Every structure is written in C-alpha cells, then in structure tokens.
Amino acid sequence: MLWQDIETHWHVIKPNIKLHWDKLSYQQLSMVAGDRARFSRLIQDIYGIDQQEAEQQLSAWQQQQININGHFFSTQPVIH
C-alpha cells in the first residue's frame, strides 16, 4: 500500500498500527497525523531503536497493509 493511502486514512488505520506497535498511544499517533518521518522518529524514540531498524519495521508493516473498501487489514498476522 502506498504511504499516501495510509496518510489519507490515518484516523481509520490507527487501530491497526496500535496492534503492531502496542507501546504507542493513540494520542501519540494522532500527533503524528500520518507523517511518515514523524512516525519513524516516534518508533525510534519509544522502542529505543536506530533509524535503520525503524525504517525496516515501518517498510515491512507498510507492505503488509491492504485496503478493502476502506477497511484496512494486515496480510499477515502480527507477531509480538
């Protein structure tokens, strides 16, 4: 899925994001407002990882997302 689609539907996809990165709060996700760079920095800060790891996680998650009639799903189950 293109990031533009994620950004456009940010308010709808936040619960899906929360399933993958459960340490993030809805307030933090609201502040990100779909901005990919801000989201990457938030993942780095909260999970204590470097930029490369955050980008790898984010890219992998993004590739798994699908939009079916305005409903967002992961193509693979989330493993914690």
Side-chain angles (χ1 to χ4, degrees):
M1 174 181 296
L2 297 175
W3 190 262
Q4 181 180 1
D5 295 330
I6 293 169
E7 185 174 7
T8 300
H9 296 94
W10 190 254
H11 64 286
V12 177
I13 205 166
K14 283 190 297 187
N16 187 311
I17 293 168
K18 186 91 169 93
L19 286 174
H20 193 80
W21 290 282
D22 60 349
K23 291 182 182 179
L24 304 179
S25 72
Y26 283 109
Q27 182 178 12
Q28 290 168 320
L29 292 174
S30 292
M31 291 174 59
V32 167
D35 183 294
R36 194 180 193 287
R38 289 175 67 188
F39 188 39
S40 178
R41 286 191 302 273
L42 178 63
I43 293 169
Q44 291 171 55
D45 291 345
I46 298 300
Y47 286 88
I49 58 177
D50 64 22
Q51 181 181 5
Q52 182 178 356
E53 176 63 25
E55 286 296 327
Q56 287 174 346
Q57 287 184 21
L58 191 48
S59 293
W61 174 84
Q62 182 180 346
Q63 291 175 0
Q64 294 174 358
Q65 303 313 299
I66 57 173
N67 177 356
I68 302 173
N69 298 326
H71 300 280
F72 296 88
F73 304 93
S74 289
T75 57
Q76 298 176 8
V78 176
I79 300 171
H80 296 277

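Computed from a predicted model, the values in this text were never measured in an experiment.
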task: Please name the pair of heavy atoms, one in Trp21 and one in Leu58, separated by the smallest distance, quoted to 0.1 Å.
output: CH2-CD1, 4.0 Å

query: CD of Gln57 to CD1 of Ile43: how many Å apart, nearest 0.5 Å?
result: 6.5 Å

query: In terms of side-chain heavy atoms, does Lys14 have a donor or acceptor partner in Ser30 at a distance below 3.5 Å?
result: yes

query: Transitively linked via ILVMFWY side-chain contacts under 4.5 Å: Ile17 with Ile49?
result: yes

message: Please list all pairs meeting salt bridge (charged side-chain N to carboxylate O under 4.0 Å, His left out) that have one or both residues in residues 34-60, counting only residues at least two apart or in different chains.
response: Arg36-Glu55

query: Which class fits the ring pair Trp61 and Phe39: parallel under 30°, tilted 30 to 60°, perpendicular over 60°?
result: perpendicular

- prompt: Can you list the residues that meet the side-chain hydrogen bond (donor to acceptor under 3.5 Å, both in side chains) rule with Gln51, with sequence neighbours excluded?
  reply: none

Nearest heavy atoms of Gln62 and Leu2, plus distance in Å: NE2-C, 3.8 Å

- request: Kindly say whether Leu24 contributes a backbone atom to a donor-acceptor pair with the side chain of Lys18 at under 3.5 angstrom?
  value: yes

- prompt: Could you state the interatomic distance from CG (Asn16) to CD (Gln65), rounded to the nearest 0.5 Å?
  reply: 4.5 Å

Gap separating the OG atom of Ser40 from the CD atom of Gln56, nearest 0.5 angstrom: 11.0 Å

Atom of Gly34, atom of Glu7 and distance for their closest heavy-atom approach: O-CG, 3.6 Å

Steps toward side-chain contact (heavy atoms from CB on, under 4.5 Å) verdict (Leu42, Tyr47): CA-CA 8 Å; Leu42 178 63; Tyr47 286 88; over 6 Å; no

query: CD1 of Ile46 to CD of Gln28: how many Å apart, nearest 0.5 Å?
result: 4.0 Å

